[in-house]
There are 2 protein chains.
Amino acid sequence: MIEKATPPPEAIKAWARLMRVSRQLFEQAEEALKESGLPALAWYDVLHELAEAGEEGLRPFQLIERTLFAQYNMSRLLARLQADGLVEKLKVADDGRGQTIRISAKGREMRRRMWAVYGRSIAELVGTKLTAEELEALASLLGQLRFPPADD
Amino acid sequence: MIEKATPPPEAIKAWARLMRVSRQLFEQAEEALKESGLPALAWYDVLHELAEAGEEGLRPFQLIERTLFAQYNMSRLLARLQADGLVEKLKVADDGRGQTIRISAKGREMRRRMWAVYGRSIAELVGTKLTAEELEALASLLGQLRFPPADD
DNA sequence: AGGTGATAAATGCAATTGCATCAATCTTGA
DNA sequence: TCAAGATTGATGCAATTGCATTTATCACCT
């Protein structure tokens with residue numbers, strides 16, 4: 001009985017490209033932010049989720065679900081965001097363990113400034129490299145790799 | 001004169017999927033290695049390059065080119081690999097600054113054991129989710145995002 | 001009500017990463 | 001030949017991350 005030694009070569013190639021390209025693009029986007037004197041992408045992710053959540057804010061565990069950060073990582077990231085005045089921590093009435101995180105006006109402004117740079121990076125790094133149809137095809141293929149898979 | 005405020009929505013969606021899916025898959029592959037008591041993927045990348053390079057080995061700066069690690073990161077990673085006996089550092093004759101890194105027998109064995117787990121992760125995480133044609137399409141799209149772009 | 005296990009968030013400590021800089025060698029050009 | 005600059009690799013120090021554990025509260029079950 002032969003044991004399968006290795007995945008099919010198409011899978012290996014797609015995996016290798018995915019790992020390499022995603023890392024390269026991520027680092028380029030981070031570098032653009034840094035060059036503009038702005039915080040890292042992790043901050044953007046949180047500010048973005050909080051901006052979408054609006055005035056009622058989000059609980060830290062909800063942010064963790066949305067952003068895939070580790071719990072201890074989120075805890076410290078929120079502490080830094082708070083120290084910079086970009087978010088507020090509010091006691092939540094019905095759960096004494098928890099808190100609600102709300103973005104501040106300063107946080108919204110920071111998000112806006114970050115998006116000016118980040119959005120430009122996205123436009124340059126993927127928007128100019130693929131057509132709209134190709135971008136949709138890429139998003140669809142990636143969606144099938146997600147767990148749970150996306151159907152669009 | 002209107003300033004373009006944001007990249008096209010297809011670009012944003014493809015970007016978001018790329019960042020999220022690649023991170024999720026990377027973490028799942030790392031977790032599988034950790035559960036088997038094996039080192040992180042970074043170690044595999046270096047051992048893989050060195051195994052392909054054969055007996056003459058590679059210079060650290062060549063490894064940096066191939067793996068996209070930062071220089072200080074590679075320096076320390078190689079020190080750890082050497083401390084574990086997985087690679088050897090050799091003086092190089094024609095350049096007194098440099099060294100050549102060669103994989104050891106123990107390093108080859110470690111790479112083999114890591115591949116048994118890593119390859120299985122790749123098979124499960126992408127091999128079973130997409131057809132061969134879809135995997136090739138994905139690799140091709142990602143190749144166009146690379147710099148320099150891949151043409152296949 | 002009271003005990004038990006689950007959940008929310010924080011934290012001490014070790015390992016890793018990022019940044020800046022250093023030391024050593026090499027290359028080039030006057 | 002030798003000074004100036006570039007390249008190779010390492011390292012001190014601060015910031016971040018990972019891991020394990022802790023603290024506090026909640027939910028459930030008897």
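Below, read A as the first sequence line, B as the second, and so on, with proteins coming before strands; counting in each chain starts at 1. Because only heavy atoms are used, hydrogens play no part in the values below, and waters and symmetry mates are left out as well, while side chains stay in.
The interatomic distance linking A/L90 (CG) with C/dA8 (P) rounds to 18 Å, in whole Å. A/L33 places its CG atom 15 Å from the P atom of C/dG18, with the value rounded to the nearest Å. When rounded to the nearest whole Å, the span between CD of A/E31 and P of C/dG18 equals 13 Å. Between B/L41 atom CG and C/dT16 atom C1' there is a gap of 16 Å when expressed in whole angstrom units. With rounding to whole Å, A/F69 atom CZ is found 15 Å from D/dG18 atom C1'. Atom CG in A/L63 sits roughly 19 Å away from atom P in C/dT7 (whole-Å rounding).
Counting heavy atoms from C-beta on, the side chains of B/V87 and B/L47 come closer than 4.5 Å. At least one side-chain heavy atom of A/I101 sits under 4.5 Å from a side-chain heavy atom of A/K89. Between A/P39 and A/L33, the closest side-chain pair of non-hydrogen atoms is not below 4.5 Å.
Residues A/R108 and A/E55 share a closest heavy-atom pair of NH2-OE2, 3.5 Å.
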Q: Summarise protein proximity over nucleotides 2-12 of chain D in one line of letters, 5' to 3': B for base, S for sugar-phosphate only, - for none, counting protein heavy atoms closer than 4.0 Å.
A: -----BSBBBB
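Contact between the side-chain N/O atoms of A/K34 and the OP1/OP2 oxygens of C/dG18 is not found at any separation under 4.0 Å. Proximity of A/N73 to the phosphate of D/dT16: no side-chain N or O atom is located under 4.0 Å from OP1 or OP2.
Counting only N and O atoms by type, the side chains of B/S121 and A/W15 include no donor and acceptor under 3.5 Å apart.
Mapping A/W43 and A/D94 onto DNA chain D by nearest heavy atom places A/W43 closer to the 5' end of the strand.
A cation-pi arrangement is found for A/R23 relative to B/F69, the charged atom lying closer than 6.0 Å to the ring centre and inside a 45° cone about the ring normal.
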